[in-house]
Amino acid sequence: MIISGKELANKLKSQMAEFVATLPEKYGRVPHLVVILVGDDPASQTYVKNKGLAAERIGMKSSTIRLAASTTEEELLALIASLNEDDTVDGILVQLPVPKHISEQKVLDAIDKSKDVDGFHPMNMAELWRHKYALVSDNDSYDEMSAFTLPCTPKGCIKMLKAAGVELQGKHAVVLGRSNIVGLPMSKLLLNENATVTICHSGTRNLAAITRSADIIIAAIGKPKFLTSDMVSPGAVVIDVGINRDEEGKLCGDVDFASVEPLCSVISPVPGGVGPMTITCLMENTIEAFLRRMAH
Ligand code: NDP
């Protein structure tokens with residue numbers, strides 16, 4: 001079965017739109033997301049545009065602040081500080097990567113943790129590791145939302161797995177990649193769902209033997225078509241997080257979809273898989289940030 005992240009994302013966005021439409025009556029306004037883009041990286045421009053479109057589609061307010069690549073770290077930090085203070089702003093996202101003369105870490109640390117809708121603030125990351133059972137909610141009522149922000153991509157992957165009816169409890173999940181934004185939080189969310197998790201990285205030996213022992217593989221390494229059929233056992237579930245270009249410049253994931261798909265019980269495609277779910281979870285995180293702020 002091929003899980004369409006795009007279809008699931010559309011369904012969730014429709015549900016969110018209905019929910020957002022009820023908010024003005026109760027709170028006098030809708031959630032407001034501010035996205036900051038520094039420089040003119042084409043991929044980042046596309047991501048930022050898509051985030052704005054998704055917010056519009058669900059009826060949220062979204063603002064995009066485009067800054068020149070020459071913007072100083074000081075200027076960016078001052079902008080973030082003013083948005084932190086602005087009561088009409090619920091979510092702040094700085095599109096990564098930032099230009100080399102700006103410290104990514106300082107930028108992520110500067111965003112108020114209650115407005116950190118990416119879930120990259122050190123306090124949100126710490127909360128994820130501290131809470132043994134910070135589960136990804138699979139309902140849309142927001143009455144079971146997490147007390148802090150879960151990072152969008154791993155959250156989207158868990159939602160896809162749940163929507164496809166994949167049982168996680170007791171399963172061997174192998175995560176390829178250990179980045180702070182995907183691999184590591186992915187591993188923790190799978191642990192919270194009681195999977196048994198192996199994390200692999202560039203220093204892992206006998207990778208193929210490990211992936212062959214997996215019930216579930218999450219590929220997040222950024223290498224085009226890296227996971228091949230000889231690395232996957234029949235019946236495995238494969239989620240492909242990678243966004244790469246192949247030799248012909250075509251968008252592809254970390255999984256060699258053509259050879260791996262016939263083996264899998266469930267697999268996510270690229271494009272149309274994790275990508276749309278990441279954006280959808282960003283929207284959900286913004287709604288959640290809004291609701292937490294309104295509750296205070
Ligand atoms: P990073 O480059 O930060 O991390 C890559 C990880 O993969 C590292 O932990 C690295 O190991 C590991 N790795 C690299 N080569 C190998 C190898 N040969 N064998 C095993 N492990 C390896 O990438 P990100 O985590 O940010 O992103 C991963 C991919 O996911 C990219 O393609 C990115 O574009 C995509 N992405 C997609 C999103 C979406 O919404 N669909 C969102 C975010 C990312 P080590 O730590 O040892 O260096």
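What you are looking at is a predicted structure, and each value in this text was computed from that prediction instead of being measured. Counting starts at 1 for both ligands and their atoms, following the listed order.
In terms of modelled atom types and a separation under 3.5 Å, the side chain of D118 and the main chain of L108 share no donor-acceptor contact.
Salt bridge annotation for K11-E7: absent, with no cationic side-chain nitrogen under 4.0 angstrom from a carboxylate oxygen. Salt-bridge formation is not detected for the pair R293/D112: no Lys NZ or Arg NE/NH1/NH2 atom is positioned less than 4.0 Å from an Asp or Glu carboxylate oxygen.
The nearest protein atom to atom 37 (C) of ligand 1, hydrogens excluded, is given as V241 O, 3.1 Å; this is a heavy-atom distance. The nearest heavy-atom contact from the protein to atom 27 (O) of ligand 1 is V182 CG2, 4.3 Å. Summary of contacts: the protein heavy atom closest to atom 18 (N) of ligand 1 is F226 CE1, 3.4 Å. Here the heavy atom of the protein found nearest to atom 24 (P) of ligand 1 is S179 OG, 3.7 Å. Remark: minimum distance from atom 8 (C) of ligand 1 to any protein heavy atom is reached at R178 N, 4.0 Å. Regarding atom 15 (N) of ligand 1, its nearest protein heavy-atom neighbour is K223 NZ, 3.5 Å. The protein atom (non-hydrogen) at minimum distance from atom 21 (N) of ligand 1 is H201 C, 3.1 Å. From the protein, the heavy atom lying nearest to atom 5 (C) of ligand 1 is I221 O, 3.6 Å.
Less than 4.0 angstrom separates some heavy atom of T278 from each of these atoms of ligand 1: 39 (C), 40 (O). Close contacts of ligand 1 with N244, meaning ligand atoms under 4.0 Å from a residue heavy atom, involve 32 (O). Every atom of ligand 1 with a heavy atom of I181 under 4.0 Å away is listed here by number and element: 26 (O). Those atoms of ligand 1 that come under 4.0 Å of a heavy atom in G222, given as number and element, are 28 (C), 29 (C), 31 (C), 32 (O).
Residue contacts with ligand 1 for T153 involve side-chain atoms from C-beta outward but no N, CA, C or O (heavy atoms, distance under 4.0 Å). When non-hydrogen atoms are compared, ligand 1 lies under 4.0 Å from the backbone of I243 as well as from its side chain.
The CG atom of L93 lies 13.0 Å from the OH atom of Y47; values are rounded to the nearest 0.5 Å. Here CE of M60 is found 12.0 Å from NZ of K51. Values are rounded to the nearest 0.5 Å.
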Going through the checks in order, is the side chain to side chain contact (heavy atoms under 4.5 Å, CB included) test met by I287 and E284?
CA-CA 5 Å; I287 295 173; E284 189 179 271; 5.6 Å; no
Applying side-chain hydrogen bond (donor to acceptor under 3.5 Å, both in side chains), run through K6 and N10 and close with a yes or a no.
CA-CA 6 Å; K6 200 173 163 188; N10 282 338; over 6 Å; no
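The number of heavy atoms from other shown groups lying within 6.0 Å of NZ (K113) does not exceed 12. Under a cut-off of 6.0 angstrom, the local environment of CD in E75 is crowded, with over 12 non-hydrogen atoms contributed by other residues, nucleotides or ligands.
When side chains are defined from C-beta on, L150 does not count as touching E288, because their heavy atoms never get closer than 4.5 Å. Between L190 and I218 the shortest side-chain heavy-atom distance falls below 4.5 Å.
Applying the under-4.5 Å side-chain rule to Ile, Leu, Val, Met, Phe, Trp and Tyr, the cluster around I2 extends to V174, L176, L207, I210, I217, I221, F226, L227, M231, V232, V238, V255, F257, V260, L263, I267.
By the definition of a contact as any protein heavy atom under 4.0 Å away, atom 3 (O) of ligand 1 is in contact.
Heavy-atom proximity to atom 11 (O) of ligand 1, evaluated over C157, S202, G5, is greatest for S202.
Between D254 and ligand 1, no pair of N/O atoms sits closer than 3.5 Å. Taking only nitrogen or oxygen atoms, main chain and side chain alike, G177 does not reach within less than 3.5 Å of ligand 1.
Under a 4.0 angstrom heavy-atom cut-off, L176 registers as lying outside contact with ligand 1. In this structure, G275 counts as a contact residue of ligand 1, since one of its heavy atoms falls inside 4.0 Å of the ligand. The closest approach between any non-hydrogen atom of T204 and ligand 1 is not below 4.0 Å.
Partner K225 forms a salt bridge (Lys or Arg N to Asp or Glu O under 4.0 Å) with one of D256, D246, D240 and no other, that one being D246.
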